[in-house]
**Q** 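One structure coming up, written as structure tokens, with questions to follow.
Order of appearance sets the numbers: ligands from 1, and atoms from 1 within every ligand. Note that the coordinates shown come from a computational prediction; the quantities given were computed from them, not determined experimentally.
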Amino acid sequence: MRMPVFRRTNRWLLLLSSLLLSSILLSACGEQSPSIIDARGFVAQQEGFVFWVILVIAAVVFVGVEGMLVYSIFRFRERPDSVNPRQNHGSLALEILWTAIPTFFLLVILVFTIRGLFQVAPDAQPADSKTVNVTAIGHQWWWEFHYQQYNITTADTLVIPAGTVVHVDLFSNNVIHSFWVPQLTGKTDLVPGHDNKKWFKADDDTVGKTFVGICAEFCGAQHGNMRFEVKVESADGFQSWLTAQSQHAATPASGSLAEEGQKIFQGAGACAGCHGIVGVNAQQFIDTAKVCDDSNPKDLNNNECPLGPNLTHFGSRGLIAGGVLDNNSSQCNTDQSASDLLANCNLAKWLHDPQGVKPGNDMAIGQLTNDQIKALVAYLESLK
Ligand code: HEC
Ligand SMILES: [Cu+2]
């Protein structure tokens, strides 16, 4: 007597869990989702096209095969008076047919895949006099970007002009990382000792948009916190960004809290040993991919090659330490109490406990006091 009750609850469980599963899957369709289906640049669009070709063919095969299966199950199921069906073992016509049909489908996929490969290959990079050449350097675990024509080095945020070819040289001197901006370009690995390159382009109508960038190759404990963002500007916006970024860091007003922060930054054994700020402890930006490989531990200024991101214009960046936190500058007003600052301002959280926020990262420092954190927040957020 108890069986039907069980069956009914099982059915409800099945329904509930499939609803749950589909809502999890659908929740990936939000506006912010970095989906390859929402491609916003030529390279990702070509790659997305290959995806659709394969999906449509796979759907046709699935519906065809399952349809015939279900039809046969019902139409030819055994009945009390059934006789043995006609046997077709060894039928040459059938053997040829079910070899030819998959071969045809695979050939179609092959043609579109090869076409796609040629369209996005490094050799297919369109000639564009405005091409922006960037070196993307994979660290454990953050991204450094060096703009080759402008000698600017930044981290976490890759700013590009819309509708313009961006050429990327990929460099790692540690483990393999992978550069992926789902809506703009597919994955390309950064392989130590083997410098890959790629190119991509953001559509003209993406001005003002920010795209999610990801490290897509497992590279250690904080691989999941090795993100970056790609910010698309208009041609003019990009030019003014370049002009601002190529300046030396802003000098804080004398007697200000920010000035105290700068002193702490430069203090003995402190931040300046791992971070460069141009105009403070560095004379110029460094192309660490060129200068700081394993055979050369000294930078252009004959200092140890920097271990951490260049902070010259940190205040203008959207992310902290590979996107483990957002750089929420508007919450970092230093008029608030120390405990409010620590609760609201992500930069303060980072400086208070970088190992707690991102365990195992290379920023190993002694505990800063709340006053030091306040001064450093005032200083670093002022570096727009
Ligand atoms: C031993 C080297 C080292 C020292 C000393 C050090 N840092 Fe760092 N810092 C790093 C590294 C490495 C990262 C990147 C960590 C990651 O994302 O994995 C980092 C990240 C940061 C970031 C985030 C930058 C960005 O663009 O994401 C800030 C801000 C920062 N450090 C400030 C400071 C300040 C202020 C001090 C001095 C109190 C300091 N650091 C001392 C190595 C260091
Ligand atoms: Cu990585």
Side-chain angles (χ1 to χ4, degrees), residues 136-145 153-158 170-180 187-192 213-229 249 258 260-277 280-281 288 303-329 332 345-383:
I137 300 143
H139 295 272
Q140 278 169 307
W141 297 279
W142 53 282
W143 293 91
E144 182 171 5
F145 301 111
T153 303
T154 183
D156 302 314
T157 303
L158 179 63
L170 299 158
F171 177 87
S172 165
N173 70 350
N174 42 84
V175 298
I176 300 177
H177 303 276
S178 187
F179 181 100
W180 187 26
K187 306 162 186 174
T188 309
D189 283 1
L190 289 72
V191 183
I214 300 165
C215 175
E217 180 73 42
F218 181 69
C219 58
Q222 292 294 335
H223 158 70
N225 285 318
M226 184 168 165
R227 285 190 294 275
F228 60 105
E229 57 180 16
E260 247 175 77
Q262 181 174 328
K263 285 196 186 119
I264 297 167
F265 176 86
Q266 288 176 280
C271 330
C274 291
H275 294 286
I277 295 186
V280 177
N281 67 325
T288 60
N303 298 318
E304 292 292 316
C305 275
L307 193 61
N310 187 293
L311 299 178
T312 308
H313 299 287
F314 171 78
S316 70
R317 306 213 280 253
L319 303 175
I320 298 176
V324 70
L325 296 169
D326 289 337
N327 182 19
N328 59 349
S329 315
C332 296
C345 168
N346 284 339
L347 177 59
K349 284 182 203 163
W350 173 252
L351 295 176
H352 176 71
D353 186 12
Q355 290 304 319
V357 173
K358 191 172 181 180
N361 88 81
D362 278 342
M363 179 156 155
I365 56 167
Q367 185 63 54
L368 299 166
T369 66
N370 285 350
D371 286 342
Q372 285 173 321
I373 291 173
K374 214 172 196 178
L376 281 167
V377 167
Y379 177 52
L380 293 174
E381 293 293 358
S382 77
L383 301 178

**Q** If we only consider heavy atoms of R317, is any one of them less than 4.0 Å away from an atom in ligand 1?
**A** yes
**Q** Considering W142, W350, F314, which one's heavy-atom position lies nearest to atom 22 (C) of ligand 1?
**A** W350
**Q** Which protein N, O or S atoms lie under 2.8 Å from the Cu ion (ligand 2)?
**A** H177 ND1, C215 SG, C219 SG, M226 SD
**Q** Under the 3.5 angstrom rule, does the side chain of Q355 hit a backbone N or O of N361 as a donor-acceptor pair?
**A** yes
**Q** Any heavy-atom pair between the side chains of T288 and C305 that's under 4.5 Å?
**A** no
**Q** So is there a nitrogen or oxygen of Q140 less than 3.5 Å from a nitrogen or oxygen in ligand 1?
**A** no
**Q** Between D156 and ligand 1, find which residue part has any heavy-atom pair under 4.0 Å and reply side chain, backbone, both or neither.
**A** side chain
**Q** Quick one: are H313 and T154 in side-chain contact, heavy atoms under 4.5 Å?
**A** no
**Q** Side chains of T369 and D371: is there a donor and an acceptor less than 3.5 Å apart?
**A** no
**Q** Mind counting the protein N, O or S atoms sitting less than 2.8 Å from atom 8 (Fe) of ligand 1?
**A** 2
**Q** Please name the pair of heavy atoms, one in W141 and one in A221, separated by the smallest distance, quoted to 0.1 Å.
**A** CZ2-N, 3.5 Å
**Q** Is the shortest heavy-atom distance from the side chain of E381 to the side chain of F314 under 4.5 Å?
**A** yes
**Q** Between K358 and V324 (side chain of the first, backbone of the second, donor and acceptor by atom type, cut-off under 3.5 Å), is there such a pair?
**A** no
**Q** Counting heavy atoms only, which part of K358 comes closer than 4.0 Å to ligand 1: side chain, backbone, both or neither?
**A** side chain
**Q** Looking at ligand 1, would W141 count as a contact under a 4.0 Å heavy-atom criterion?
**A** yes
**Q** Does some side-chain heavy atom of L380 sit less than 4.5 Å from a side-chain heavy atom of L311?
**A** yes
**Q** Report yes if the side chains of L383 and R317 come closer than 4.5 Å at any heavy-atom pair, otherwise no.
**A** no
**Q** Do the non-hydrogen side-chain atoms of Y379 and K263 ever get within less than 4.5 Å of each other?
**A** no
**Q** Need the ligand 1 atom indices (1-based, order shown) with element for anything under 4.0 Å from a heavy-atom of I320.
**A** 23 (C), 27 (O)
**Q** In this structure, which one of V357, N328, N346 forms a side chain to side chain contact (heavy atoms under 4.5 Å, CB included) with I320?
**A** N346
**Q** Heavy atoms, side chains only, cut-off 4.5 Å: are L190 and I176 in contact?
**A** no
**Q** My understanding is that only one of R227, H223, Q140 makes a side chain to side chain contact (heavy atoms under 4.5 Å, CB included) with C215; could you say which?
**A** H223
**Q** Tell me the nearest of L347, N361, L376 to atom 15 (C) of ligand 1, using heavy-atom distances.
**A** N361
**Q** Which of the atoms in ligand 1, numbered in the order shown and given with their element, are less than 4.0 Å from a heavy-atom of L351?
**A** 32 (C), 33 (C), 34 (C), 35 (C)
**Q** Look at atom 12 (C) of ligand 1 and say which protein heavy atom is nearest, naming residue and atom and giving the distance to 0.1 Å.
**A** D362 CB, 3.4 Å
**Q** With a 3.5 Å distance limit and no angle check, can you tell me whether N281 reaches the backbone of H275 through a side-chain donor-acceptor pair?
**A** yes
